[in-house]
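A short worksheet on the structure shown next.
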Protein chains: 2
Amino acid sequence: MPRSLVLKLERDGPLSFAEKEVALGLPEHIRHVPARGDIISDGGSSDALSLITEGFACRYKLLDDGRRQILAFLVPGDFCDLRSLLLHQMDAAVAALSHCQIASIPHQRLFDAMEKHTRLALALWRETMFDAAISQQWLINVGRRSAYARLAHLLCEVWFRLQTVQHAHDRFFDFPVTQTDLADALGLSVVHVNRTLQHLRADGLLTFRASVVTVLDWPRLREAGQFDPAYLRHRVSTLEPSQDGKSHR
Amino acid sequence: MPRSLVLKLERDGPLSFAEKEVALGLPEHIRHVPARGDIISDGGSSDALSLITEGFACRYKLLDDGRRQILAFLVPGDFCDLRSLLLHQMDAAVAALSHCQIASIPHQRLFDAMEKHTRLALALWRETMFDAAISQQWLINVGRRSAYARLAHLLCEVWFRLQTVQHAHDRFFDFPVTQTDLADALGLSVVHVNRTLQHLRADGLLTFRASVVTVLDWPRLREAGQFDPAYLRHRVSTLEPSQDGKSHR
DNA sequence: CGTACGATTGAGAGACTTCAACAAACGTGG
DNA sequence: CCACGTTTGTTGAAGTCTCTCAATCGTACG
């Protein structure tokens, strides 16, 4: 079922047939969460991972004063709580943006699979790093770019990520978020997001209606966001074990 | 030599004697980098990890227009480029803030060690997650907090992290950064950092002279930064392999 | 058809920035 | 050990990006 997960894990080099089988067989069950529903709550702990197989979600943190910072947008193939595998407690919550299909993978089952298939373990570790790389870009975005650039950069990122799981078209993609969501992701106010969006539209860079983003001018959008997709294109290092199953040298 | 690394890895539960021996024996050689020197350059790839054994450093990214975003402060026991282990190319640079002692650990040697000592591999994977958790706090900080709170939060974080590697005293700690560094870390201008710092001083929360931060009022500082150290205190999940060497429940 | 949520607009306020200058601290060479 | 140049810290003032408040509009939905 989690075809998008395999697609994602394979972006760095193909998995073996056996590994794919294992990955596809990991989920214990599937659950459905309506738009706006909670997928993971903050502070909790669990003994299973949640993997998005369909739909959009966001990881976020609520502050004392009620403000919210969205930390990541999650698309099919993304784990909601990979960190809970080794850190016993979630430090953020996850909510569905659209209707979501969530596959549940027991930690234990994953540990067992990783023991047999080293490369699977490495692929998941790499996912952790990949997630961190995206988070790092967000920090740069919020820390040092104008509202205009932030929005442009974010939309580029989402398109690229959807692309790798075959959920994006050349010139448009689904992105079921409200302007409030965008504001909380970019560290801006709703009002300002609204105006910045208008600015982008007026400049003929894109269209954003009914949860669909249509990119009208890729080159200029990428330039506006100073977007360099290098961080989303990870090639594998040459050193790590590359044989199937038990590995070494 | 990398005693601080062992201290850090053990914050989640003790390593075995054998594991400690391995960890301590990993570095191939030590190198020295003067303050302001480059430790890792952006975009490069390497076949060895750099571990800080002494001194302070920062990971940062330069933007097209010359602006800089500091992504993390690195203290003894921190890896500069753990991500390079699985992602073949660095997506940020690392520079020394003070004179640094850097231990070099060949990727290959680490892979070999992890194969024998599963728990070491997990400890390192956990480091990746830990790093991401800190980065996440920075995003919240920059995205949703005032300059005053950002500074307070950052200083709390640094103290806590220094504490776990026994490099902090109760009421003060070394922090060899310029106000420009702080500005680039917090997404602010130098001028504003200067004024915010004065504000913190005037409020009697701290002192910051000659690269030494002295905290005068912990409760108020923590409150000002809405600082909750939970994310820096990782307990181990109960499921993962806990025996030495070959593992399982 | 009313309610509710999201998008949009206007206007005033504020946090933070930029520019520019000066003072203090620091390191270095003579 | 002092002189000098460079870096870092500090201050003032003007500007602007972004925010908050508040009202209006549109649209989906029961």
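Fair warning: this is a prediction, and the values are worked out from it, not measured in the lab. Naming: A, B, ... by sequence-line order, numbering from 1 per chain.
Using a 4.0 Å cut-off, no side-chain N or O of B/Gln179 falls inside it from OP1 or OP2 of D/dT7. Applying the 4.0 Å criterion to OP1 and OP2 of C/dA7, one finds that A/Asn194 has every side-chain N and O outside that range.
The distance between atom CZ of A/Arg36 and atom P of C/dC5, rounded to the nearest whole Å, is 9 Å. Rounded to an integer number of Å, the gap from A/Asp65 CG to D/dC19 P is 14 Å. A straight line from CG of B/Leu188 to C1' of C/dT18 spans 14 Å, rounded to a whole angstrom. In this structure, B/Leu97 places its CG atom 15 Å from C1' of D/dT7, rounding to the nearest Å. In this structure, A/Arg144 atom CZ and D/dC17 atom P are separated by 16 Å, rounded to whole Å. The separation between A/Leu186 atom CG and D/dC19 atom P is 10 Å, rounded to whole Å.
Geometrically, A/Arg11 engages A/Phe130 in a cation-pi contact, judged by NZ or CZ lying under 6.0 Å from the ring centre and within 45° of the ring axis.
A/Thr178 comes within 4.0 angstrom of sugar-phosphate atoms only, judged by non-hydrogen atoms across all strands, and of no base. As judged by a 4.0 angstrom heavy-atom cut-off over every strand, B/Arg201 is placed among residues touching the sugar-phosphate backbone only. Among the atoms of the strands shown, only primed sugar atoms or phosphate atoms (P, OP1, OP2) are found under 4.0 Å from some heavy atom of A/Ala147. Contacts of B/Leu197 with the nucleic acid, taken as non-hydrogen atoms under 4.0 Å apart, are absent.
If you check distances only, the side chain of A/Arg195 does reach the base of C/dG10 with a donor-acceptor pair under 3.5 Å. Evaluation of atom-type donor-acceptor distances gives no pair under 3.5 Å for the side chain of B/Arg209 against the base of D/dG9.
The side chain of B/Arg67 approaches C/dT18 more closely than any other nucleotide in the set D/dT10, C/dT18, C/dT8. Out of C/dT18, C/dC16, D/dT20, the shortest distance to the side chain of B/His192 is found at C/dC16.
A donor and an acceptor atom, one from each side chain of B/Asp38 and B/Ser41, are nowhere located under 3.5 Å apart.
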Going through the distances and angles, do B/Asn194 and B/Gln198 end up as a side-chain hydrogen bond (donor to acceptor under 3.5 Å, both in side chains)? CA-CA 6 Å; B/Asn194 182 286; B/Gln198 289 178 46; 2.4 Å; yes
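Aromatic ring orientation, A/Phe208 versus A/Phe175: parallel (interplanar angle below 30°, classes split at 30° and 60°).
With the nearest nucleotide of DNA chain C identified for both B/Val191 and B/Thr196, B/Thr196 has the one nearer the 5' end.
Here B/Lys61 does not pair with B/Asp91 in a salt bridge; the nearest charged N to carboxylate O distance is not below 4.0 Å.
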